[in-house]
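Only a predicted model underlies this, so the values are computations on that prediction, with no experimental measurement involved.
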Amino acid sequence: MASEGILLGMGNPLLDISAVVDHDFLKKYDLQLNNAILAEDKHLPMYEELAANPSVEYIAGGATQNSIRVAQWMLQVPGATSYMGSIGKDKYGEEMKKNSKLAGVNVHYYEDESAPTGTCGVCVVGGERSLIANLAAANCYKVEHLKKPENWALVEKAKYIYIAGFFLTVSPESIQLVAEHAAANNKVFSMNLSAPFICEFFKDVQEKVLPYMDYVFGNETEARTFSKVHGWETDDVEQIALKISEWTKVGARKRITVITQGADPVVVAEDGKVKKFPVILLPKEKLVDTNGAGDAFVGGFLSQLVQEKPIEDCVKAGCYAANVIIQRSGCTYPEKPDFN
């Protein structure tokens, strides 16, 4: 049984504005499928266009928040998870608060007065997605919020902490503080490579916190980018996972690397060895939308990890959660999980 507050997430809360578009739309805004980027000026008109799309849906998102919501859903223990990030004082922020509370997550948002709640354009073509994040208020998170006694109490209570790599662009100082706390108190600290651009353009802050990571999550594209950026001259995902697991480590725990590869087996590297686990294959006609699949995998994985289940069970739960999510629009799920 998971105790209250056992798992804490920190990240960029974004309201997903999700719609089915065509290849011309992707071309117009210079977008690629299965990619995640930060919005530039040229992308800003896109949000209005998505909002006007008849298929548009609004879903509380942001990578870490997705994972925490899925872990909470899998655990079915109210308040087992908590989450921090920054939202604006607006209707989207209110929507986010309502969504998170309904999901059973104990959210402590920092509310920024000057910026609107962050949004993420989710452009879906044939079930594949392209993500364009307009961070806005999510970019305004302050380490002072983390240090407030009522918020730091969440850090002290948690035994497991998860942060997606996207938060490295916002508050590396907050991440470092939490990572050092985890190492000093023998807690489990995990992060995600999150996107190729994080591995490329935020290499230094990523490297600074990497020694503290007990679990590193990512997908094959991110792993290959990480390898390229570090001059490893290999595209072999198993080799890359091993090399990441053997990176310098702080604290008493060893590092485990977990890399997903879409429909191909999940690669897990630990103790100098690689194990592969098959995923649950889904017929193409049942695929609705891959948005949130990786986040859901992490959420499912963490839901078993916090119960100290073996790695096989963690991967199985991750695959189960991802399989549920890709058959629905956005990172949403039925009322109760059916995982045993």
Side-chain angles (χ1 to χ4, degrees), residues 1-9 63-83 103-106 154 157-164 182-183 185-192 212-219 238 241-242 244-245 249 251-261 264-281 292-326 331 333-340:
M1 236 342 226
S3 58
E4 192 194 328
I6 193 165
L7 172 63
L8 168 68
T64 307
Q65 186 161 246
N66 283 343
S67 297
I68 294 298
R69 278 173 47 237
V70 169
Q72 178 61 48
W73 168 68
M74 292 283 285
L75 286 165
Q76 294 285 305
V77 176
T81 62
S82 11
Y83 175 81
V105 179
N106 176 17
L154 297 180
K157 197 170 203 179
K159 294 190 174 73
Y160 296 80
I161 295 161
Y162 172 70
I163 303 175
N185 295 277
N186 197 24
K187 296 178 172 188
V188 177
F189 179 75
S190 51
M191 282 194 74
N192 204 310
Y212 294 90
M213 297 181 204
D214 300 306
Y215 285 82
V216 175
F217 295 97
N219 66 27
E238 294 177 39
L242 265 180
I244 293 174
S245 72
K249 182 76 181 64
R253 299 169 184 275
K254 60 185 178 185
R255 180 179 303 110
I256 298 176
T257 313
V258 184
I259 306 293
T260 58
Q261 312 185 85
D264 293 328
V266 178
V267 171
V268 176
E270 66 171 312
D271 293 332
K273 291 194 275 299
V274 167
K275 281 186 188 158
K276 293 199 289 193
F277 299 92
V279 301
I280 308 162
L281 292 173
D295 304 336
F297 174 86
V298 173
F301 188 101
L302 292 172
S303 75
Q304 304 308 297
L305 188 68
V306 304
Q307 299 179 72
E308 298 179 7
K309 297 279 175 69
I311 199 106
E312 292 78 350
D313 292 5
C314 297
V315 174
K316 262 189 196 135
C319 292
Y320 163 78
N323 184 266
V324 169
I325 297 293
I326 61 176
C331 193
Y333 36 76
E335 194 187 341
K336 292 268 194 291
D338 175 22
F339 175 76
N340 42 30

Sidechain-backbone polar pair: Gln307 side chain, Ser303 backbone, donor-acceptor under 3.5 Å: yes

Can any side-chain N or O of Trp73 pair as donor or acceptor with the backbone N or O of Gly300 at less than 3.5 Å? no

So, taking the atom named CD1 in Ile68 and the one named OH in Tyr162, what distance separates them when rounded to the nearest 0.5 Å? 8.5 Å

Would you please classify the geometry between the Phe297 ring and the Phe217 ring as parallel, tilted or perpendicular, with 30° and 60° separating the classes? perpendicular

Any donor and acceptor pair, going by atom type alone, linking the side chain of Arg255 with main-chain N or O of Met213 inside 3.5 Å? yes

Are any side-chain N or O atoms of Gln72 and backbone N or O atoms of Thr81, one a donor and one an acceptor, separated by less than 3.5 Å? yes

Just verifying a value: how many Å separate Asn106 CG and Lys157 NZ, rounded to the nearest 0.5 Å? 8.0 Å

Looking at Lys316, I want to see if its NZ is surrounded by more than 12 non-hydrogen atoms of other residues, nucleotides or ligands under 6.0 Å. no

A side-chain contact here means heavy atoms from C-beta on lying under 4.5 Å apart; do Val298 and Asn192 qualify? yes

Aromatic ring proximity Phe339/Tyr320, centre distance under 6.0 Å: yes

Rounded to the nearest 0.5 angstrom, the OG-NZ distance for Ser245 and Lys254 is 10.0 Å

Any sub-3.5 Å donor-acceptor pair from Ser190's side-chain atoms to Ile161's backbone N or O? yes

Roughly how far apart are Gln261 CD and Glu238 CD, rounded to 0.5 Å? 7.5 Å

Is it the case that the side chain of Arg253 and the backbone of Asn186 share a donor-acceptor pair, with hydrogens and angles ignored and the cut-off at 3.5 Å? yes

Quick one: which of Ile311, Thr257, Val258, Leu242 gives a side chain to side chain contact (heavy atoms under 4.5 Å, CB included) with Glu270? Ile311

Lys249, NZ: over 12 other non-hydrogen atoms inside 6.0 angstrom: yes

Using side-chain heavy atoms (C-beta onward) and a distance below 4.5 Å, is Ile256 in contact with Asp214? no

